[in-house]
Amino acid sequence: MDYNHIEIEGKWKKFWAENKIYKVSNDTTKPKYYVLDMFPYPSGAGLHVGHPLGYIASDILSRYKKMSGYNVLHPMGYDAFGLPAEQYAITTGVHPASSTDENIKRYRAQLDNIGFSYDWDREVKTSDPSYYKWTQWIFSELYKHYYDLRADKACPITDLINEFCKTGNAKIQATNTLDITFSAEEWKSFNIAQKEEILMNYRLAYRKVGYVNWCEALGTVLANDEIKDGVSERGGYPVERKPMMQWFLRITSYAERLLNDMKSLDWSDALKTMQANWIGRSEGAQMFFDIEGHDLKLEIFTTRPDTIFGATYMVLAPEHDYVDIITTKAQKEDISQCIKLVNNRSERDRMAEVKDMTGAFTGAYAINPFNGDKIPIWIGDYVLKDYGTGAIMAVPSDDERDATFAKKYNLPFIDVVDKSSYPGASLHDKLGIIINSDFLNGMEVPAAIQYMFDQIDLKGYGQKRVNYKLRDANFSRQRYWGEPFPIKYDKEGIPHLLEKSELPLLLPELSNFKPTTDGKSPLAKATDWVNDGEFTRETDTMPGFAGSSWYFLRYMDSTNDDEFASQDAVNYWKEVDFYIGGAEHAVGHLMYSRFWHKFLYDKGLVPTPEPFKKLVNQGMIQGVIESIYLKKSDLVKEFYSEEIALSMENEDFALIPIHIDFVSQYGTPNSHLSLEGISEFIKWRPEFANASFFTSDGIIENGKIISGNSGVKLLTKSEVGKMSKRYFNVVNPDDVVEKYGADCFRMYEMFLGPIDQSKPWDINGIDGVSKFLRKFWNLSHNEGVLMISEDAPNKEELKVLHTTIKKVTEDIERFSMNTTISAFMVCVNDLRRLNCNKSEILKPLTLLLAPFAPFIAEEIWYQLGGEGSVHHAKFPTSNPTYLVEDTILYPICVNGKKRDEVEFSPDETQQNIEQAVLSLESIKKWLEGKPAKKVIIVKGRMINIVI
RNA sequence: GCCGAAGUGGUGGAAUUGGUAGACACGCUGGACUCAAAAUCCAGUGCUAGCGAUGGUGUGCGGGUUCGAGUCCCGCCUUCGGUACCA
């Protein structure tokens with residue numbers, strides 16, 4: 001028969017499922033290899049062609065490793081809690097659990113269509129109670145631990161309590177947010193509430209006030225993503241930052257280890273740099289300033305204590321606790337106005353808009369401990385509450401942001417660093433000589449910094465300290481569709497953990513998913529659930545990253561009901577050997593997962609300190625967003641071709657996203673709706689049936705041309721962006737698979753380019769891969785009939801085969817899948833040229849192709865009489881004896897430009913080569929009779945003549 | 001703003017360690033087969049001058065290092081990802 005992908009793929013898909021050929025055992029003598037994909041969020045738009053990019057690459061690697069003798073764990077699951085399902089529930093009333101299940105079913109069918117080798121018996125779903133039982137359990141454990149700096153690991157909070165009873169807290173070295181010391185006697189005298197409050201400052205999961213984006217009009221907390229230009233995306237209502245008591249995870253305890261342990265990881269430098277910058281370690285000084293007229297010390301952190309004589313004002317974050325206390329009556333109005341303004345700005349805007357800062361004077365003064373000078377205390381939006389101590393000393397002469405702020409509010413500058421001997425140095429460089437600074441005058445900056453560390457410590461003004469930009473993770477969400485906290489509060493508001501036996505704490509059933517009017521999670525409405533005798537339950541839920549921070553461990557033993565995974569399973573699979581996922585997770589998800597893993601490592605529950613040994617970020621497959629220009633008007637519905645719309649400078653246009661299927665030449669500058677496209681658009685959007693369409697070639701009304709010719713083009717706006725339901729640009733892999741087959745789809749996605757590069761989806765070019773598969777099939781088939789030769793292969797055929805084996809193996813190892821596809825194409829082209837249909841060549845070639853195109857390979861393997869499934873066979877290895885070259889073709893360059901090429905034997909002497917080359921006519925003419933200045937011969941590479 | 005990445009023919013891309021720029025494909029042009037079309041096959045295809053031989057030029061822009069730069073260094077531009085509650 002001719003190559004028929006529908007028949008072949010249907011047949012083997014069934015066979016593989018029935019025979020469970022991808023079942024993975026935890027019990028084997030083979031070496032293990034763990035290949036992991038970042039699991040998807042099952043969105044309502046279904047899987048699009050971007051998702052499988054990484055999945056296909058990792059599937060190829062898994063199959064290759066399996067054929068190379070490893071026991072490979074290659075699982076898949078769903079990150080099933082999330083905001084979109086809840087939004088959908090709010091608008092439609094459909095329970096998130098049922099829409100999520102629907103979506104998962106669809107995802108599963110789509111994944112199955114592509115021929116992945118997942119062991120589906122290990123599937124996990126974060127919203128499944130049997131899974132989130134263990135998410136809740138890990139939270140409980142975090143609650144029950146503190147970070148001990150002497151042991152440099154998490155230790156049970158009961159140990160800490162014991163120490164408190166014995167010696168109080170003075171000698172304890174643990175990460176905490178407590179600013180009092182107490183003796184053992186004092187500790188014993190505290191009541192339960194006081195004790196619990198103190199312990200909260202040590203626990204790895206703890207409560208404190210955090211800020212949320214509150215939208216009064218919508219009566220809900222908004223995600224940053226739901227805010228555009230400072231107002232809610234839905235409705236455009238104002239958003240303010242509102243304080244709320246919330247749970248946090250003390251990830252900062254692990255900052256140093258998260259930073260240092262990266263060194264051993266096989267991750268890209270770019271990714272490591274991003275994580276390191278996110279952690280943001282900096283060495284500086286913690287300093288205390290007296291505040292005039294108050295019995296308060298203002299704590300600041302600075303990396304530049306050497307510039308203290310240039311500190312002309314102090315800045316507190318507007319949320320700083322002291323603001324209310326120190327603000328003078330006269331300044332109250334200014335300060336509250338400023339806070340109001342700042343509350344309407346997102347944190348990101350505050351950091352980004354360095355050109356437009358907002359601040360106000362509190363009326364209070366700090367005292368410079370070194371010279372007793374009064375320094376005015378301001379508040380400013382460019383100082384963030386959670387970074388450092390939420391307060392800085394501002395040195396406008398040596399810091400750009402301080403300078404901008406100082407200029408706006410006319411605050412003085414004092415130059416303290418003379419950079420004149422360092423011409424190229426910018427303000428960021430810690431270079432220069434200190435001036436106007438009393439005892440520091442004349443010192444070089446780095447020396448002055450060190451000197452000040454000593455002075456601050458000596459005089460008791462503070463101490464040297466390491467600060468991190470990394471902040472503790474806000475772990476509370478005022479939402480329904482997430483893990484409930486295993487926490488209940490007693491009448492005094494003291495939190496209590498649920499017992500392990502009470503887990504999982506199930507989400508209560510609800511029919512209305514809107515938040516309560518006071519901004520609490522919808523769970524607060526389930527009063528039967530909330531009230532548990534004397535206790536009331538926590539009504540916030542956990543964020544999206546909770547379930548995804550440990551799912552890779554659950555796959556190892558996904559159905560275990562007694563542990564998150566058995567110790568046997570965890571000790572066998574250890575860590576993920578190869579992890580692939582989107583670059584958009586480069587900091588968030590990876591940081592949280594590493595943190596949780598380290599915590600479990602501290603508890604001796606996992607054998608490695610890091611979860612992901614090697615990591616590759618795949619690029620995004622982007623979509624094309626096509627939209628048309630609608631004139632903003634209540635009276636008429638008029639669309640204008642892009643070139644006309646852009647020329648009408650006085651008119652306002654709305655961009656209406658349109659389905660990409662209607663657009664001709666989509667994704668190009670010439671993208672447009674033809675007459676046919678316009679009528680399809682009208683059919684799709686009947687509300688525009690009577691609209692007018694103005695183009696340069698004619699006008700259309702009611703779907704008919706009223707002037708001009710039928711070749712009209714309504715030019716559209718074409719942008720590259722996310723594939724998303726809202727842009728009507730989602731390309732479903734099912735359609736491609738149906739037309740070309742899964743093998744072709746897999747190979748084409750790989751052929752598109754390097755795995756880590758983003759690019760817009762483009763179907764042009766898939767024919768090349770489709771042709772390749774037919775050519776491969778026809779190597780063993782003639783007019784649909786199997787036609788194979790059992791003759792021994794010749795030297796040339798063996799060379800083609802073994803060159804391909806070498807290239808493909810090397811390229812899989814360095815995860816360069818696009819070049820493997822080219823290598824296959826070259827190989828098949830060569831074998832066709834040689835008219836080779838020999839079994840001894842085609843069988844190894846089929847094995848080689850099996851990880852890439854599993855269906856056609858299985859069929860050909862079967863037809864060639866291969867034993868068992870091709871996917872259980874052994875991957876071929878390259879024999880170097882077939883690859884030896886008799887001669888090397890050298891390019892001959894003159895001044896680096898290629899002018900000729902000559903073949904030499906690999907062991908030809910330098911002199912002979914030089915002589916032969918210089919006597920070539922094609923070279924002589926460049927020399928013009930003069931001798932060459934230099935002849936460079938790079939053995940096996942090239943020859944360059946310098947004239 | 002800050003952090004990270006990318007930019008090579010008409011298009012996707014290749015060039016793995018500083019050593020022949022454009023492999024492999026798509027598209028396009030011409031040809032074969034066909035009543036015709038599709039499919040398939042063959043040839044050509046960076047731009048530019050030239051009938052040609054051959055030459056010039058060419059990897060986002062501007063400089064630099066080197067016998068030699070897509071690759072290294074300095075300064076820009078554009079696009080994409082992240083920026084702590086999208087996932």
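Quick note on labels: first sequence line is chain A, next is B, and so on, each numbered from 1.
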Is the A/Y748 to A/Y740 ring centre distance short of 6.0 Å?
-> no

In the strands shown, is B/rA38 matched to any nucleotide by a Watson-Crick or G-U wobble pair with both distances under 3.5 Å, and which?
-> none

Taking the six-membered ring for Trp, are A/H585 and A/H589 parallel (under 30°), tilted (30 to 60°) or perpendicular (over 60°)?
-> perpendicular

Interatomic distance at C1', B/rG60 relative to B/rC80, whole Å | 15 Å

Answer yes or no: does a side-chain N or O of A/K771 lie under 4.0 Å from OP1 or OP2 of B/rC26?
-> yes

Got a donor-acceptor pair under 3.5 Å from the side chain of A/N277 to the base of B/rC3?
-> no

Using the ring of each side chain (for Trp, its six-membered ring), is A/W247 parallel, tilted or perpendicular to A/F485, with breaks at 30° and 60°?
-> parallel

State whether A/N224 places a side-chain N or O below 4.0 Å from either non-bridging phosphate oxygen (OP1 or OP2) of B/rA84.
-> yes

Pair assignment for B/rG55, Watson-Crick or G-U wobble, requiring both distances under 3.5 Å | B/rU48

Answer for the Watson-Crick or wobble partner of B/rG81, both distances under 3.5 Å, is B/rC3

A/R941 vs B/rU17: side-chain N/O to OP1/OP2 distance below 4.0 Å | no

Mark yes or no for a side-chain to base donor-acceptor pair under 3.5 Å between A/Q275 and B/rC3, with no hydrogen or angle criteria applied.
-> no

Please measure how far the P atom in B/rG9 lies from the corresponding atom in B/rG62, and state the result in whole Å.
-> 15 Å

Whole Å only: how far is the CZ atom of A/F595 from the C1' atom of B/rA84?
-> 14 Å

For A/I821 and B/rC24, give me the distance from atom CD1 to atom C1', rounded to whole Å.
-> 11 Å

Taking only side-chain nitrogens and oxygens of A/R401, does any of them come within less than 4.0 Å of OP1 or OP2 of B/rC2?
-> no

Look at the rings of A/Y107 and A/H51 and say which category their plane angle falls in: under 30° parallel, 30 to 60° tilted, over 60° perpendicular.
-> perpendicular

Atom CZ of A/F751 and atom C1' of B/rC26 are separated, to the nearest Å, by 8 Å

With the threshold set at 4.0 Å, does a side-chain nitrogen-carboxylate oxygen contact exist between A/K806 and A/E810?
-> yes

Between P of B/rG12 and CZ of A/F772, the distance in whole Å = 23 Å

For the pair A/Y382 and A/F405, name the ring-plane relationship: parallel under 30°, tilted 30 to 60°, perpendicular over 60°.
-> tilted

Nucleotide opposite B/rC76 in a Watson-Crick or G-U pair, distances under 3.5 Å | B/rG60

Side-chain N,O (A/K806) to OP1/OP2 (B/rU16) below 4.0 Å = no

Ignoring hydrogens and angles, are the base of B/rU16 and the side chain of A/K807 linked by a donor-acceptor pair under 3.5 Å?
-> yes

With respect to the phosphate group of B/rC85, does any side-chain polar atom (N or O) of A/R477 fall under 4.0 Å of OP1 or OP2?
-> yes

Any donor-acceptor N/O pair under 3.5 Å between B/rC80 base and A/Q622 side chain | no

Identify the nucleotide, in any strand shown, that forms a Watson-Crick or G-U wobble pair with B/rG12, with both distances under 3.5 Å; if there is none, say none.
-> B/rC24

Respond yes when some side-chain nitrogen or oxygen of A/N818 is under 4.0 Å from OP1 or OP2 of B/rG12, and no when none is.
-> no

Rounded off to whole Å, could you give me the CD1-to-C1' distance for the A/I766 and B/rA25 pair?
-> 12 Å

